[in-house]
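This report refers to the structure that appears directly beneath it.
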Amino acid sequence: MKIIVCIKQVPERDAQVRIDSSGKWIEESDIQFAMNESDAYALEEALQLKEKHGGEVVILSAGPERAGTTIREALAKGADRAIQVESDNLNTLDALGVAQLLSAAAKQESPDLVLTGLQSDDMGYGQTGVIMAELMDLPHASLILNVEKTDSGITVKRELEEGWFQNIDLPLPAVLMIQSGGTKLRYATLMGIKKAKTKELSKVSAADFGASDAPGAPAAPAATLEKITQPPKQKSTQIIPGSPKEAAATLVEKLKFEVRII
Amino acid sequence: MNFLSSTLAEPQSFQTWEKLLLLALILLSAAIFLRRFAPILGRILHSKKDPNFTLAPVGKRSWDFFWEVICQAKVIRERPLPGLAHAFVFWGFCAFALVTLNHFAVGFGLGFLDPVGFFGRSYSYLAAAFAAACAIGIFGLFVRRFFVRPRWLGRKVSYESGFIAALIFILMVTYLAAFAVRSASPAATALWWIHALSILVFLPIIPHTKHLHLVLSPATIFLSRGGFSKIPPLVGDEDFGLVTGKDLTQLTSLQAYSCVECGRCTEHCPANNTGKELNPKQIILGLRGYLNEHGPASEQNIIGTYNSITADFQCTTCGACEYQCPVGIEHLPIIIGLRRGAVNTGMWEDEHGAKLFLALERGSNALGMPASDRDKFIQKQQFPVFDGSQEYCLWLGCMGGYDPKGREIIADFARVMNYLGASYGVLRKEKCTGDPVRRLGNDLLFQQLAESNLETLAQNKVKKIVTICPHCVRTIQEDWKEFGTPPAIEHHSEFLARFADKLPRPNQNVRVPQVSIPGNQNLTAEQEARVPQVSTLRPGNENSAVEQEASGHDFSRAENSPNPDRALAPANNKIVFHDPCYLGRYRDVYEEPRAVASLAGEVVEAPRSHQRSFCCGAGGGLVFLGEETGDRVSHTRVNELIATGASTIGTACPFCNSMFRDALAEKGDAAPQLLDIAQLTARNLPPANQQ
Ligand code: SF4
Ligand code: SF4
């Protein structure tokens with residue numbers, strides 16, 4: 001089974017982000033970057049499928065030079081090779097633009113399965129995978145926790161609201177958007193990193209996909225980013241009075257109906 | 001018979017056939033010895049070279065050799081009675097070297113020690129004295145091994161050992177008896193032959209029994225890696241730690257063959273003593289077994305038949321084994337080497353371990369908390385930020401930066417620094433030093449963390465670091481050396497001890513009651529003033545509940561503990577100080593924390609203290625792994641500390657503190673209070689410095 005895993009490099013979870021002078025993006029010089037979390041789960045799912053059924057795992061990533069470290073990390077965890085799509089204007093592309101680039105690159109590989117993370121930790125559109133499926137004319141499913149191979153294709157487990165799950169069968173090839181937490185991630189090893197050094201990382205640019213009206217070329221963005229802002233700080237600490245018993249009851253009440261988390 | 005007038009009897013000179021027989025027997029004995037010893041030596045020499053090994057400093061090596069081999073100092077110090085018995089056997093052997101040479105020379109009519117000449121006679125008396133001591137010594141050891149039978153010598157009775165003890169006993173007795181018979185008498189001849197045959201039988205037994213240490217251990221001690229728990233660098237692209245025979249270095253193989261199976265390592269091992277599978281002696285003997293079967297060129301995995309991965313990861317890296325071993329075996333590079341092999345190749349699968357690694361791959365601290373938590377804490381405490389103008393960089397560490405209890409310790413230490421007028425600042429960003437991943441054998445992460453921190457420190461032009469965590473101290477000072485030059489660093493016990501005469505005393509500022517009833521709620525105004533400031537230190541962990549649950553050890557327990565640290569008045573002012581492994585055995589710092597603690601009360605000792613201190617169970621990354629099998633190490637230790645009757649347990653490591661906190665939580669109201677030396681000191685600060 002040939003599996004393509006789309007991976008995005010995003011600011012590290014702990015990063016203290018500052019808005020840059022354009023007001024449209026964050027200052028990149030003083031933060032570190034990491035693999036997008038749900039992409040890490042997509043990679044893990046792919047690696048497990050490969051371990052069970054054999055085949056190849058190919059990393060596909062659209063990103064600037066710095067994304068190379070994240071791609072190497074994916075190779076270190078066990079992917080076989082990688083394709084990095086480079087483009088000067090990645091920053092200004094919307095989900096459609098990125099999906100066009102990725103699907104054009106993916107098509108050339110004729111994969112059996114394309115996995116993406118559910119959404120990126122930075123922009124959070126949650127669109128790229130779905131659009132890719134459309135552009136590649138493949139069936140797709142989202143919010144996936146688990147993938148099993150069957151004789152006729154795959155069975156996937158989707159997580160719905162309120163603890164409901166749905167199992168559906170899909171034919172191959174297909175595109176799946178993987179959600180965080182469905183499996184246990186593996187840690188990176190020294191041996192993996194050493195092996196990754198010798199693995200193939202090919203770079204392609206948007207121009208390689210042909211003229212601007214070709215399906216691979218990014219369309220003029222339908223959505224543009226106007227401005228980003230820091231979230232407003234708001235503190236709403238409440239002290240719940242009463243005996244422990246009363247306080248606990250009030251707390252449960254509030255968590256259920258005000259905050260709605262239980 | 002007047003013993004002093006008697007001389008050593010020599011046999012009648014031998015016939016030619018007797019000489020030939022003797023020669024044949026000597027050759028046979030030597031041949032069997034060599035046939036058995038040569039392959040062992042071969043396996044040692046054919047192991048891979050040790051990276052970074054240098055003979056320098058020869059002076060220190062020579063001193064260690066003199067002290068540990070010639071003087072038998074360690075053997076005696078750690079087990080005085082059997083140690084002395086052993087020392088007499090050893091010295092007896094040394095004194096006997098010349099006697100033995102002469103003994104065989106006599107057989108060929110070439111004796112050079114004249115039993116009636118001045119030197120020969122004096123020497124024979126000296127040797128006789130040693131022979132007597134040696135005979136008593138070996139008898140004592142025999143009784144111990146076969147009748148007392150300490151658990152750590154193993155359940156199996158070794159008949160070989162008994163046989164060898166008998167041979168040594170016979171050697172000594174036949175020597176002594178020769179003073180009581182006439183020269184050239186049949187009795188003298190008989191004694192001579194028994195003595196000679198005992199030696200010739202003894203020689204071939206050496207290589208395949210623990211008596212190989214007679215030959216190897218002097219070399220092992222002389223050629224040690226030099227430095228406690230010195231972890232060798234990985235070299236080249238194929239080196240991942242101890243995976244197969246190819247990874248065994250000459251020193252490792254030499255050590256594997258030097259083990260005398262005394263079991264001291266296991267006797268002191270906290271894991272083994274609390275019912276876990278780990279047995280450091282077996283780790284070493286496992287390597288020996290592997291070498292015997294597969295040899296140093298084998299690609300067979302070491303973990304498996306000869307080694308258990310479960311056991312390897314039960315080690316707290318407390319170093320008791322390495323410290324105790326009388327023949328210079330360095331367990332930690334071996335155990336950590338095996339872990340490196342398992343982790344660097346991805347062989348080790350452990351839910352908690354993977355969580356820890358992932359937390360450090362993606363984040364900055366071993367507790368898996370968001371880095372912003374640390375920022376908030378720094379703001380709340382109003383710690384000055386290090387800008388290059390201050391003398392010290394106060395390193396928070398994961399515990400000081402994120403753990404509720406660790407934060408209390410670091411905050412109290414900062415108060416004391418303020419009181420002393422020390423200039424310091426904290427870094428805006430700090431990552432875990434990599435201690436847990438270093439000890440768990442994840443070299444990839446360790447290198448990343450070390451390099452990233454070294455870069456931050458260099459950017460900030462840090463010259464001196466001080467911190468409350470002995471693990472940080474050790475890792476920064478020793479382990480980071482592999483990747484750069486770390487700044488000078490000291491532990492807060494060393495810092496505080498240097499200012500001992502400036503530190504506040506009890507009753508200098510506040511009255512510390514010497515005797516009162518635990519749980520007494522009627523606090524004096526002064527006590528009131530002292531008590532509540534703790535609670536202002538509760539950090540907000542709103543968003544960390546998930547991460548906390550994720551780690552094996554419950555770091556949030558500190559907040560729910562029924563045993564508030566600044567508990568009410570203590571029942572006495574006795575403080576039992578617990579030596580952290582990474583401060584004591586790793587750093588040789590024993591007196592400084594005691595000097596600091598003694599300002600707050602009377603320091604009393606636990607039965608196992610100083611070099612023999614018993615681990616808290618946290619080290620080696622174990623605090624982040626799942627539940628222990630068997631008893632908890634921390635509970636065993638806490639019971640021992642409580643039994644001293646002290647009202648306070650004094651600690652100098654935030655990990656020990658955290659482990660004990662959990663263990664004490666079960667003790668209810670009777671539990672002693674638990675305070676770091678920084679907290680013990682801060683309690684005596686004048687109210688103005690309490691904020
Ligand atoms: S370091 Fe400590 S826990 Fe590990 S084997 Fe040695 S004595 Fe046991
Ligand atoms: S490793 Fe050292 S301490 Fe342990 S049994 Fe062998 S010789 Fe004794």
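All chains are named by letter (A, B, ...) in the order of the sequence lines, taking the proteins before the strands, and each is independently numbered beginning at 1.
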> Which pair of non-hydrogen atoms, one from B/N442 and one from A/Y187, has the smallest distance, and what is that distance?
Replying inline: ND2-CD1, 4.1 Å
>> Looking at B/E299, I'd like to know if its CD atom is crowded, meaning that more than 12 non-hydrogen atoms belonging to other residues, nucleotides or ligands lie closer than 6.0 Å.
In response: no
> Between B/L444 and A/L190, what is the shortest heavy-atom contact and its length?
Replying inline: CB-N, 4.0 Å
>> To the closest 0.5 Å, what do you measure between CD1 (A/I193) and CG (B/N344)?
In response: 11.0 Å
>> Non-hydrogen contacts under 4.5 angstrom with chain A: give the residues of residues 233-242 of chain B involved, or none if there are none.
In response: B/L234, B/G236, B/D237, B/D239, B/F240
>> Please determine whether the number of non-hydrogen atoms from other residues, nucleotides or ligands lying under 6.0 Å from atom NZ of A/K52 exceeds 12.
In response: yes
>> Using a 6.0 Å cut-off, check whether atom CD of A/E65 has over 12 heavy atoms from anything other than its own residue.
In response: no
> Any idea which heavy atoms bring A/A40 and B/R362 closest together, and the distance?
Replying inline: CB-NH1, 4.3 Å
>> Taking NZ in B/K461 as the centre, count heavy atoms belonging to other residues, nucleotides or ligands within less than 6.0 Å. Is the count above 12?
In response: no
>> Quick check on A/L185 against chain B: is it the side chain, the backbone, both or neither that has a heavy atom closer than 4.5 Å?
In response: both
>> Taking B/E349's backbone N and O only, do any of them form a donor-acceptor pair with A/R186's side chain (distance below 3.5 Å, no angle check)?
In response: no
>> Is B/Q447 in contact with chain A via its backbone, its side chain, both, or neither, using a 4.5 Å heavy-atom distance?
In response: neither
>> Given heavy-atom pairs under 4.5 angstrom as the criterion, report whether the side chain, backbone, both or neither of B/A359 touches chain A.
In response: neither
> What residues of residues 426-438 of chain B sit under 4.5 Å from chain A when only non-hydrogen atoms are counted?
Replying inline: B/K429, B/K431
>> Heavy-atom cut-off 4.5 Å, strictly under: side chain, backbone, both or neither for A/Q32 against chain B?
In response: side chain
